[in-house]
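Beneath this line is the structure, given in structure tokens, with notes to follow.
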Amino acid sequence: MNVPEQLKYTASHEWVKTEADGTVTIGITDFAQDALGDLVFVELPEVGRTLSAGESCAVVESVKAASDVYAPVAGEVIAVNDALKDAPEQINGNAFAAWMWKMKPAGDLSSLMNAEAYRQNIAAQK
């Protein structure tokens, strides 16, 4: 499994990239897309929506299951990757390039896992 070192992770398999301007970019991990299989539908949160940490705010559907995607931190949605609506399979191709939404975080990211902790988390689930 690909687990980039520079990202942060959640136990529910979201990745978080902190941008230079303090915003964060969010998607699902390689582990999550692999477990789901071929994605056929993505529902993204609305721009301007305020999210609580841990809140279900997006959905990914594959040929075998639908899964909620959770906000890793509290904050406001400032952009969504509309290209995923017509081509959700981009996530299967490269889960870390196919970001889902961007947020202006309202809190810190200290509760998120680093790459090593996330690798240990997914190893325990196998």
Side-chain angles (χ1 to χ4, degrees):
M1 283 297 128
N2 184 15
V3 182
E5 291 293 327
Q6 73 276 18
L7 303 177
K8 298 290 185 184
Y9 301 90
T10 67
S12 53
H13 309 292
E14 291 84 19
W15 58 261
V16 180
K17 178 182 179 189
T18 302
E19 304 294 347
D21 64 1
T23 62
V24 292
T25 301
I26 298 151
I28 63 170
T29 65
D30 196 39
F31 179 86
Q33 72 77 26
D34 185 61
L36 286 164
D38 293 335
L39 294 177
V40 295
F41 177 76
V42 174
E43 180 181 313
L44 301 170
E46 290 184 28
V47 172
R49 180 174 168 188
T50 300
L51 302 173
S52 300
E55 179 181 350
S56 173
C57 61
V59 175
V60 287
E61 286 185 28
S62 71
V63 292
K64 55 183 179 177
S67 182
D68 288 335
V69 183
Y70 302 93
V73 295
E76 179 185 352
V77 178
I78 58 171
V80 296
N81 187 352
D82 284 323
L84 296 179
K85 292 177 184 176
D86 293 327
E89 67 277 3
Q90 289 180 47
I91 296 171
N92 294 118
N94 185 340
F96 298 106
W99 60 277
M100 296 179 73
W101 74 93
K102 295 178 185 256
M103 293 178 71
K104 181 178 180 184
D108 67 56
L109 308 178
S110 63
S111 65
L112 301 176
M113 291 182 263
N114 64 21
E116 181 56 34
Y118 182 67
R119 279 193 283 276
Q120 291 173 6
N121 180 60
I122 57 178
Q125 293 183 26
K126 289 183 179 180

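Counting from 1, the numbers follow the sequence of the chain as shown. In this text the structure is predicted, and so the values were computed from the model without any measurement.
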Path from V24 to I28 over hydrophobic side-chain contacts below 4.5 Å: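 V24 clusters together with I28.
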Closest heavy-atom contact between [X] and [Y]?
X    : Y   : value
D108 : V73 : O-CG1, 4.0 Å
M100 : A58 : CE-CB, 4.1 Å
A53  : P72 : CB-O, 4.1 Å
P88  : D86 : CD-C, 3.6 Å
M113 : T10 : CE-C, 3.3 Å
A95  : Q33 : CB-CG, 4.0 Å

How long is the straight-line distance from [atom2] of [Y] back to [atom1] of [X], given to the nearest 0.5 Å?
X   : Y    : atom1 : atom2 : value
D30 : H13  : CG    : NE2   : 12.0 Å
T18 : L112 : OG1   : CG    : 8.0 Å
F96 : T29  : CZ    : OG1   : 5.5 Å
E61 : D38  : CD    : CG    : 13.5 Å

A side-chain contact here means heavy atoms from C-beta on lying under 4.5 Å apart; do [X] and [Y] qualify?
X    : Y    : answer
W101 : C57  : yes
I26  : K102 : no
E14  : Y70  : yes
L39  : E89  : no
S56  : V69  : no
R49  : L51  : yes

Crowding at CD, Q6 (>12 non-hydrogen neighbours, <6.0 Å): yes
Between E19 and T25, a side-chain donor and acceptor under 3.5 Å: yes
Donor-acceptor list for residues 75-85 side chains, cut-off 3.5 Å, not counting sequence neighbours:
from	atom 1	to	atom 2	distance (Å)
N81	OD1	A83	N	3.4
N81	ND2	W99	O	2.8
D82	OD1	K85	NZ	3.1

Chi angles and distances behind the side chain to side chain contact (heavy atoms under 4.5 Å, CB included) call for V42, V59: CA-CA 6 Å; V42 174; V59 175; over 6 Å; no
Any donor-acceptor N/O pair, S52 side chain to E55 backbone, under 3.5 Å: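 No; zero donor-acceptor contacts below 3.5 Å.
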Residue of the set V3, L36, I122, N121 for which side chain to side chain contact (heavy atoms under 4.5 Å, CB included) holds with F31: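 The passing option is I122.
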NZ/NE/NH1/NH2 to OD/OE distance under 4.0 Å, R119 and E116: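 Result for this pair is yes, salt bridge flagged.
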Aromatic plane relationship, Y118 with Y9 - under 30° parallel, 30 to 60° tilted, over 60° perpendicular: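 Aromatic pair Y9/Y118 classed parallel.
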